[in-house]
Amino acid sequence: MELRFELKQLHLKETFSIAYGNYDKRDALLIKLSHQNCEGYGECVSIDYYQIDLQSFVLKLKEIQSRIEAQKIIHPEEFFKFLLSFNLHPFLLSALDCAYWDLFGKLENKSFIELNQMPSENLVQSSITISVGDIDNQIQKIEKSSWNKFKVKCKGLDKNNVKRLLQLNRNIALDSNASFTDEDCIWIQENVEVQQFSYLEQPRPIHQYKILKKEGFANWMADEDCQNIDSLDELIPYYNSVNIKLMKCGGLTPALDMIKRAKELNYKIMIGCMTESSVGISAGCILAELVNYADLDGANLISNDYATGNFVENGKIILSQKPGLGIKLK
Ligand SMILES: C[C@H](N)C(=O)N[C@H](CCC(=O)O)C(=O)O
C-alpha cells in the first residue's frame, strides 16, 4: 500500500460566519491510500476553534508512513485497530480511516453500504447553513432558497430574531456555536414556542452545559460538547440530541459504534460536517440512513471542490453507488 498526502486550500463561496469568527477559506489535508490500481481518499480540515495544526499532522504522517505502507490489506475494522496504535489526533485518524474504507471498497468492488449491509433507501435530508448576519438577510436567504431545511447560525440570543425565524414556519434549527448565556438557555427551554426549532445546537461553551434540561421545550443538541463515544453517557441529563462528525470521533469505523451507542441511549442523532470538500462529505453521506438529522452541506459551501462522490443537492443526499466511498478526484 502507498500513502500520499497533500495540503489543499478550500475557498468558501461566501464568508462563513459563525460565533467563533468569519472564514473565507479552510486549509485541508487530503490523504491518498493506494494499492494495485485503486486509490482511496480521506480528508481533514484545519479548524481554529479545535486548535487543529495540519503541519503537525504532516510530520506525524511522515513518521508513520513506512509502517502504514508495510501493512497488508486487511478489513477496515482491523486497519482501524492498527491505526489506534499510533495515538493519532481524531481529525487525522478520520482522514486515514475514511481513505482506507474508500480503498478497501474499491479493491473489493463493493460500496461501503454493501460492505456493511446497510439500508440506503430512506436518507434524511440535509440542512443548509445560514451564516451569522443581519436577520433580514438571513430571512431573505431562507425565503429564496431551494433547500427545505436550514441551520441558522447565531451569535448570542436575540429574542426578536427568534420570533421572526419562527414566524417563517419553516424547518429551522438554531446553532449558537457556544454563544448563549445561562440566562438565554433558561429562557429558551422554558419557552414553549422553541419547540418549533428542529433542534438548538451547542448553546453553551464546551463543558458548561449543566444549566440545560432535556425535559424543557428545547431539543438541545450537543456538538462541541460531544466529541466521541465517551461523551455520550455524561451528556444524557442535559442533551436530547448529538451531532456526530467523522473528524471529531475519528472516522467511519468509530462513527458506526457511536451511532449504535447513541441509539441505545435514546438520543436523536445528526450526522454533521465541517466546511470540507466532497472527499469528506462522501463519507458523511453514507451514514444518513442511520440518523435523524443530517447537516452535510460542507461541500456545497465550497467554490473549488476538488472531488466528486456522494453529494447533496437542494438538501437531498445522493449516493453514487460506486465502490468504496465513491470518491474521485477532479
Ligand atoms: C458546514 C456545517 N453545516 C457546519 O455548520 N458545521 C459547523 C462547523 C464548520 C466549520 O467550522 O467549518 C458546525 O456545525 O458548527
Side-chain angles (χ1 to χ4, degrees), residues 8-29 43-52 54 90-91 94-95 124-133 138 141-142 145 147-156 171-180 197-206 220-227 231 239 241-249 255 269-285 287-288 291 293-305 311-315 317:
K8 311 277 278 183
Q9 194 163 77
L10 298 168
H11 299 278
L12 277 304
K13 285 180 188 164
E14 60 176 63
T15 304
F16 183 70
S17 294
I18 60 177
Y20 296 114
N22 306 315
Y23 305 94
D24 291 309
K25 61 178 178 62
R26 283 271 186 240
D27 293 320
L29 175 63
E43 176 189 67
C44 58
V45 291
S46 171
I47 303 286
D48 55 346
Y49 54 91
Y50 281 116
Q51 293 87 44
I52 302 303
L54 295 183
F91 276 48
S94 173
V124 286
Q125 278 206 16
S126 170
S127 51
I128 183 89
T129 308
I130 307 289
S131 276
V132 166
Q138 289 185 312
K141 282 183 184 166
I142 293 170
S145 175
W147 293 53
N148 297 316
K149 297 189 175 185
F150 303 91
K151 171 153 128 169
V152 176
K153 297 283 189 179
C154 57
K155 188 170 179 179
N171 187 311
I172 295 175
L174 266 194
D175 188 357
S176 111
N177 283 111
S179 68
F180 289 162
F197 287 121
S198 45
Y199 54 86
L200 291 109
E201 193 174 339
Q202 194 58 37
R204 297 285 296 130
I206 204 156
W220 295 123
M221 179 180 287
D223 181 8
E224 290 89 316
D225 270 328
C226 181
Q227 298 291 327
S231 336
Y239 282 106
S241 303
V242 288
N243 181 348
I244 296 179
K245 291 179 185 164
L246 300 179
M247 284 185 226
K248 287 191 298 179
C249 74
I269 305 165
M270 180 156 88
I271 179 74
C273 68
M274 305 295 180
T275 39
E276 54 192 271
S277 83
S278 284
V279 171
I281 294 300
S282 292
C285 282
L287 301 181
V291 296
Y293 312 98
D295 177 43
L296 292 171
D297 62 341
N300 300 80
L301 308 176
I302 302 293
S303 62
N304 62 337
D305 194 0
F311 63 101
V312 186
E313 194 174 69
N314 295 327
I317 293 173

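When a ligand or atom number is given, it counts from 1 through the structure's own listing order. The figures that follow rest on heavy atoms only: side chains count, while hydrogens, waters and symmetry mates do not.
Counting heavy atoms closer than 4.0 Å to ligand 1, residue Y23 contributes nothing at all. Counting heavy atoms closer than 4.0 Å to ligand 1, residue C273 contributes atoms from both its backbone and its side chain. The residue E276 has no part lying near ligand 1, judged by heavy-atom distances below 4.0 Å. Neither the backbone nor the side chain of V45 comes within contact range of ligand 1; no heavy atom lies under 4.0 Å.
D225 and Y239 share a donor-acceptor pair across their side chains, judged by distance under 3.5 Å alone. Residues Q202 and N177 bring no donor and acceptor atom of their side chains to less than 3.5 Å of each other. A donor-acceptor contact closer than 3.5 angstrom is absent between the side chains of N243 and Y293. In this structure, a donor-acceptor pair under 3.5 Å is present between the side chains of N148 and Q125.
Which parts of ligand 1 touch I47 is read off a 4.0 Å heavy-atom cut-off, strictly below it: atoms 10 (C), 11 (O), 12 (O). Listed by number with element, the atoms of ligand 1 under 4.0 Å from a non-hydrogen atom of D175 are 13 (C), 14 (O), 15 (O). Listed by number with element, the atoms of ligand 1 under 4.0 angstrom from any heavy atom of N177 are 15 (O). Atoms of ligand 1 found under 4.0 Å from any heavy atom of T129 (numbered from 1 in listed order, with element): 2 (C), 3 (N), 5 (O). Close contacts of ligand 1 with E201, meaning ligand atoms under 4.0 Å from a residue heavy atom, involve 14 (O). The distance from ligand 1 to the heavy atoms of D223 drops below 4.0 Å at these ligand atoms: 13 (C), 14 (O), 15 (O).
Scanning all protein heavy atoms for the shortest distance to atom 1 (C) of ligand 1 gives D297 OD1, 3.4 Å. Among all non-hydrogen protein atoms, the one lying nearest atom 11 (O) of ligand 1 is Y49 OH, 2.5 Å. Protein heavy atom at the shortest distance from atom 4 (C) of ligand 1 is D295 OD2, 3.6 Å. Nearest non-hydrogen protein atom to atom 12 (O) of ligand 1 is T275 OG1, 2.5 Å.
Within the 4.0 Å heavy-atom cutoff, E224 does not count among the residues contacting ligand 1. Under a 4.0 Å heavy-atom criterion, Y20 is not in contact with ligand 1.
Of the candidates M221, Q202, M270, K153, the one placing a heavy atom closest to atom 13 (C) of ligand 1 is K153.
For the residue pair F16 and K153, the shortest heavy atom distance occurs at CZ-CE, 4.3 Å. For D305 against S278, the heavy-atom pair with the smallest separation is OD2-OG, 2.5 Å.
Of the charged side-chain nitrogens involved, at least one lies within less than 4.0 Å of a carboxylate oxygen, so that K245 and D223 count as a salt-bridged pair. R26 and E276 are not joined by a salt bridge, as no carboxylate oxygen comes within less than 4.0 angstrom of a charged side-chain nitrogen.
Using a 4.5 Å heavy-atom cutoff, the side chains of Y49 and I18 are in contact. V124 places a side-chain heavy atom less than 4.5 Å from the side chain of V291. When side chains are defined from C-beta on, L174 counts as touching V152, because their heavy atoms get closer than 4.5 Å.
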